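Being a predicted model, the structure only gives us computed values, none of them experimental. Lettering of chains follows the sequences in order, A, B, ..., and the numbering in each one begins at 1.
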Amino acid sequence: MAEELLADVRDNPHDSLDMMRHSTAHIMAEAVVSLFPGAKYGIGPTIEHGFYYDFDLSRPLTPEDLVAIEAKMRESIAANRSFSRTDVPKLEARQVFASQPYKLEIIEAIPDETVRLYRQGDFTDLCRGPHLESTGQVKAFKLLNVAGAYWRGDEHRPMLQRIYGAAFETQEELDTHIHNIEEALRRDHRRLGRELGLFFFDPIAPGSPFFLPKGALVYNLMVEFMRKLYVKYGYQEVITPQVFSADLWKRSGHYDNYKENMYFIESEEREFGVKPMNCPGHCVLYSATLHSYRELPLRIADFGRLHRFERSGVLSGLTRVRSFAQDDSHIFCRPDQVQEEIGALIRMMHETYTAFHLGEPRFTLSLRPDKRVGTEESWDRAETALRDALRSEGITFEEVAGEGAFYGPKIDTFVKDALGREWQLNTIQLDPNLPERFELEYIAEDGTQQRPLMIHRAILGSIERFYGVLVEHCAGAFPVWLAPVQAMVIPIADRHAEYARAVAAQMAAAGLRAHVDERSERMNAKIRDAQNQKVPYMLIVGDKEAGSNTLSVRLRTGQEEKDVPVAAFLERATAAVASHAEL
RNA sequence: GCCACCGUAGCUCAGAGGCAGAGCAGCUGUUUCGUAAACAGCUGGCCGUGGGUUCGAGUCCCACCGGUGGCUCCA
């Protein structure tokens, strides 16, 4: 076996960090194999912040095992073993990995005649590289957790144990990363939802949130915001049934393609399905009347409740639920109206994300998949319309080949939650398929019957999911217009309660949500509680304020402003609400 | 659904075969206070559910339900 030692390329810091992470994964595999003789190992790539490696072991790993593995890894690092690289013929590689079925499978999948091996000490792995020169170059790492993962991501194949680890150039960066994880847990929407009295879950209805009064208030404010945009952008809201005969789902194609995600009911010997989406119902609504080309585009909005059966293991707070509503809408239009509609949609999205202080989500444009219906020309037209609309609105986006729906391309937006998991917020899809299935028509200028196109679109997407992401994004400190309690009036002593109530009444008259904290507590405790509830404005009133019709304003940032006339504060607060300002 | 872990007071958690615990919250008093926790007392439990082992089970075993982190899935 011809061995050569070489230093792999390390042109930029990113590559070298990646290389270090990957080498750390090898060192972990070395440790696992030495601690668990007979261990079979799968793959061990780098990921954001670190690496993982999958193992097939005789027993489940415990947290103590992780400690032992980590200790073994530090031994290897202290020994500073060099990584050596060898290219060998496949035949030889098969002998090296004779007892490693997963590696043999990978070898078979490699088209080349030779494969590359990396070795440190007694441990050899099949790997493309590159790697560090030696184990001693690993800087800061920590093993984090164990999780199950199917071999090759296939649920019909064995489940391996995946160990996740973090690795960085410096201990400080690693410490920061671990601190970030803890911080993220602190702003987890499930925790904040309970602490702020917004919503909760009960095993009596898995995956289905209960929104408490404060939480429902915020929910309804979100809906109200969308309703205002609907007026501005020419949408018409409708209310449609919750439960439909299975005939509808057969016609729409959901019965064949989405059945396992739906709830069915039998009643009077007929089968009914609870709606998981609004589109088929909207097609029924469209075809209930005759339409002229003059009516198009027809924008139908619906906040109807949707139910989707999700497998128990995938449920997660508000971000993955079984019961939710969307700010859903279907736009029926002529082909020549598509681009303009998409442009308006993007402007609408922009306006929304600004008001919610969400920042720009990540946009993708999903193009034609292999399995598709329709002509190449219609796909060209549809993709171009979406692409041009995104460009002309100045959106940066990534094109993803093959990810479109079988009937049309789509634009998706994504945001990350506190734990860095990315969630799809919404989707804009061009759909000629449903109008076809439901034989939708409009009367064209020349009197002929034509088929409209349908655009499925939501901006918030699932309101529940959006809510969860928003709570985490602002760590529970909603922009004033969304805050369930906008101002807490805090009387210093009981004798100030009357003035406090008068102030709160003025706020209420101005349309603000203000409360008076009349509990027999010290002012400090009231301030603390209001701070913890992330109330935007705390209005402290004592002898001084009551005597001069003023307020001492404390913002939730801790900033204080004294001797503020009540009228001046009202003006400031109502302006902040109207402009959707943060504070 | 799969793998691992976790379910004890409203919340956060301790208790690991031998009397069910703490802090916060809640309730009742006292306190009337100037920018992030006043003081005292009291209440609160089918230890997720069902079975088993044992003289004895929050504690050990099995099943189920729910949750968490992944995996798979996600028009």
Side-chain angles (χ1 to χ4, degrees), chain A residues 47 52 54 56-57 59-63 65-66 144-164 181 185 188 190-191 194-195 197 200-207 252-254 256-258 260-261 276-277 279-280 308-317 319-321 366 369 403-408 410 412 419 421 423-424 427 429-431 433-434 454 456 462 465 490-497 518-533 538-545 552-556 558-562:
Chain A
I47 49 174
Y52 68 77
D54 290 343
D56 189 347
L57 306 172
R59 65 168 178 83
L61 289 166
T62 64
D65 289 328
L66 283 197
L144 298 175
N145 56 324
V146 186
Y150 297 110
W151 169 240
R152 300 236 138 167
D154 182 342
E155 64 179 318
H156 302 294
R157 309 210 55 187
M159 178 156 277
L160 309 181
Q161 297 190 65
R162 175 172 296 177
I163 306 177
Y164 284 94
I181 294 173
L185 288 173
D188 187 313
R190 292 166 295 195
R191 177 195 179 107
R194 207 174 33 239
E195 288 175 356
F200 69 94
F201 289 86
D202 189 280
I204 208 71
S252 70
H254 287 83
D256 290 330
N257 301 306
Y258 203 71
E260 63 283 1
N261 282 295
M277 298 174 198
C279 19
R308 297 183 186 174
F309 171 74
E310 301 284 359
R311 301 212 268 180
S312 57
V314 309
L315 298 174
S316 178
T319 35
R320 189 77 180 267
V321 292
S366 297
E403 284 297 307
F406 72 88
Y407 48 74
K410 55 178 187 164
D412 296 318
L419 296 175
R421 292 174 298 202
W423 295 96
Q424 182 178 341
T427 185
Q429 289 176 23
L430 262 186
D431 181 7
N433 178 56
L434 276 184
M454 193 172 174
H456 305 254
S462 152
R465 176 177 291 178
I490 300 178
I492 290 176
D494 286 350
R495 66 176 177 280
H496 308 121
E518 294 196 55
R519 292 174 306 161
S520 171
E521 287 288 348
R522 290 169 66 231
M523 175 201 65
N524 286 311
K526 295 178 184 178
I527 287 174
R528 184 185 141 87
D529 289 343
Q531 282 286 159
N532 286 336
Q533 288 295 305
M538 280 150 275
L539 308 175
I540 289 104
V541 297
D543 291 331
K544 213 162 105 212
E545 289 77 11
S552 171
V553 179
R554 180 193 164 105
L555 305 180
R556 68 181 165 212
Q559 200 183 324
E560 289 170 36
E561 203 181 332
K562 307 209 164 136

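When distances run from any side-chain atom of A:Q531 to the nucleotides B:rG66, B:rA36, B:rA75, the shortest one goes to B:rA36. Taking every side-chain heavy atom of A:N257 into account, B:rA75 is the closest of B:rA75, B:rA37, B:rG1. For A:N532, the side-chain atoms get nearest to B:rA36 when compared with the rest of B:rG34, B:rA36, B:rA38. Candidate nucleotides B:rG69, B:rG66, B:rA75 were compared by shortest atom distance to the side chain of A:S316, and B:rG69 ranks first. Nearest to the side-chain atoms of A:R311 among the listed nucleotides B:rC33, B:rA75, B:rU72 stands B:rU72. Ranking B:rA37, B:rA36, B:rU32 by closeness to the A:A493 side chain, first place goes to B:rU32. Distances from the side chain of A:A147 to the nucleotides B:rA4, B:rG69, B:rU72 place B:rG69 closest. Residue A:A149 places its side chain closer to B:rC71 than to any other of B:rG34, B:rC71, B:rA75. Closest to the A:Y164 side chain, of the nucleotides B:rG34, B:rA75, B:rC71, is B:rC71. Taking only side-chain atoms of A:I492, from C-beta outward, the nucleotide of B:rA36, B:rU12, B:rG34 with the closest atom is B:rG34.
Remark: the separation of the C1' atoms in B:rG7 and B:rG48 is 6 Å, to the nearest Å. Taking the C1' atoms as reference points, B:rG52 lies 28 Å from B:rA14, given to the whole Å. The same atom, P, is picked in B:rU28 and in B:rC46; the two are 23 Å apart, to the nearest Å. To the nearest whole angstrom, the two P atoms, one in B:rG1 and one in B:rG26, are 39 Å apart. On the C1' atoms, B:rC60 is 30 Å away from B:rG44, given to the nearest whole Å. As rounded to the nearest Å, B:rU72 and B:rC3 have C1' atoms that lie 11 Å from one another. For the P atoms, the distance linking B:rC73 with B:rA57 amounts to 46 Å, nearest Å. Separation of the P atoms belonging to B:rU49 and B:rA4 is 24 Å when rounded to the nearest angstrom.
Look at B:rG41: its Watson-Crick or wobble partner, with both distances under 3.5 angstrom, is B:rC27. Base-pair partner of B:rA63: B:rU49 (Watson-Crick or G-U wobble, both distances under 3.5 Å). Under the Watson-Crick or G-U wobble criterion, with both distances below 3.5 Å, B:rA9 has no partner in any strand shown. Pair assignment for B:rA75 gives none, since no Watson-Crick or G-U wobble pairing has each distance under 3.5 Å. The partner of B:rU54 is absent, by the rule that a Watson-Crick or G-U pair needs both atom distances under 3.5 Å. B:rC2: Watson-Crick or G-U partner is B:rG70, with both key distances under 3.5 Å.
If A:D543 and A:L160 are placed on RNA chain B by their nearest nucleotide, the residue sitting closer to the 5' end is A:L160. Remark on RNA chain B: of its neighbouring residues A:G558 and A:H254, the 5'-side contact belongs to A:G558, judged by nearest-heavy-atom nucleotide.
Between the side chains of A:Q424 and A:R465, not a single donor N or O lies within less than 3.5 Å of an accepting N or O.
Using a 4.0 Å cut-off on heavy atoms, the residues of residues 150-159 of chain A that approach RNA chain B are A:Y150, A:G153, A:E155, A:M159, listed by number.
The CG atom of A:D154 lies 10.0 Å from the CZ atom of A:R152; values are rounded to the nearest 0.5 Å.
Considering only residues two or more places apart in sequence or on other chains, A:D65 meets the side-chain hydrogen bond (donor to acceptor under 3.5 Å, both in side chains) condition with A:R59, A:T62.
A 4.5 Å side-chain heavy-atom check between A:I527 and A:I490 finds at least one atom pair inside the cut-off. A 4.5 Å side-chain heavy-atom check between A:I47 and A:Y164 finds at least one atom pair inside the cut-off. No side-chain heavy atom of A:Y150 sits under 4.5 Å from any side-chain heavy atom of A:H156.
The CG atom of A:D56 sits 14 Å away from the C1' atom of B:rC2 (whole-angstrom rounding). Distance, A:I490 CD1 to B:rG34 P: 14 Å, rounded to whole Å. Remark: C1' of B:rG69 and CD of A:Q161 are 14 Å apart, rounded to the nearest angstrom. Here B:rG69 presents its P atom at 13 Å from CZ of A:R191, a figure rounded to the nearest Å. What separates CG of A:D188 from P of B:rC11 is a distance of 16 Å, to the nearest Å. Remark: P of B:rG66 and CD1 of A:I204 are 10 Å apart, rounded to the nearest angstrom. The distance from atom CZ of A:F200 to atom P of B:rG67 is 14 Å, rounded to the nearest whole Å. Atom CD of A:E195 and atom P of B:rC24 are 17 Å apart (whole Å).
Nucleic acid contact class of A:G317 (heavy atoms, under 4.0 Å, all strands): sugar-phosphate only. A:A525 comes within 4.0 angstrom of sugar-phosphate atoms only, judged by non-hydrogen atoms across all strands, and of no base.
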Can you pull every protein N or O that's under 3.5 Å from an N or O on nucleotides 29-31 of chain B?
residue: B:rU31; atom: N3; partner: A:S520; partner atom: OG; Å: 3.0
residue: B:rU31; atom: O4; partner: A:S520; partner atom: OG; Å: 2.1

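In this model, the phosphate group of B:rU68 is approached by a side-chain N or O of A:R190 to a distance below 4.0 Å at OP1 or OP2. For A:R162 and B:rA4, the shortest distance from a side-chain N or O to OP1 or OP2 is not below 4.0 Å.
Glycosidic conformation at B:rG7 (O4'-C1'-N9-C4 for purines, O4'-C1'-N1-C2 for pyrimidines): anti, more than 90° from 0. Base orientation of B:rA16: syn (glycosidic angle within 90° of 0).
Checked by atom type and distance alone, the side chain of A:K526 pairs as donor or acceptor with a backbone atom of A:R519 at under 3.5 Å. In this structure a side-chain-to-backbone donor-acceptor pair under 3.5 Å is missing from A:H456 to A:D431. Between the A:Q533 side chain and the A:E195 main chain, a donor and an acceptor come within less than 3.5 Å of each other. Under the 3.5 Å distance criterion, the side-chain polar atoms of A:T427 are left unmatched by any main-chain donor or acceptor of A:Q429. In this structure, A:R554 contributes its side chain and A:E560 its backbone to no donor-acceptor pair below 3.5 Å. Between the side chain of A:Q161 and the main chain of A:D56, no donor-acceptor pair closer than 3.5 Å is present.
A cation-pi arrangement is present between A:R162 and A:Y52, with the terminal nitrogen or guanidinium carbon under 6.0 Å from the aromatic centre and inside a 45° cone about the axis.
Comment: A:E155 engages A:R311 in a salt bridge, judged by a side-chain N to carboxylate O separation of less than 4.0 angstrom.
In the interface, the side chain of A:R59 is not paired with the base of B:rA4 through any donor and acceptor atom under 3.5 Å apart. In terms of polar N and O atoms assigned as donor or acceptor, the side chain of A:E310 never comes within less than 3.5 Å of the base of B:rG1 in a complementary pairing.
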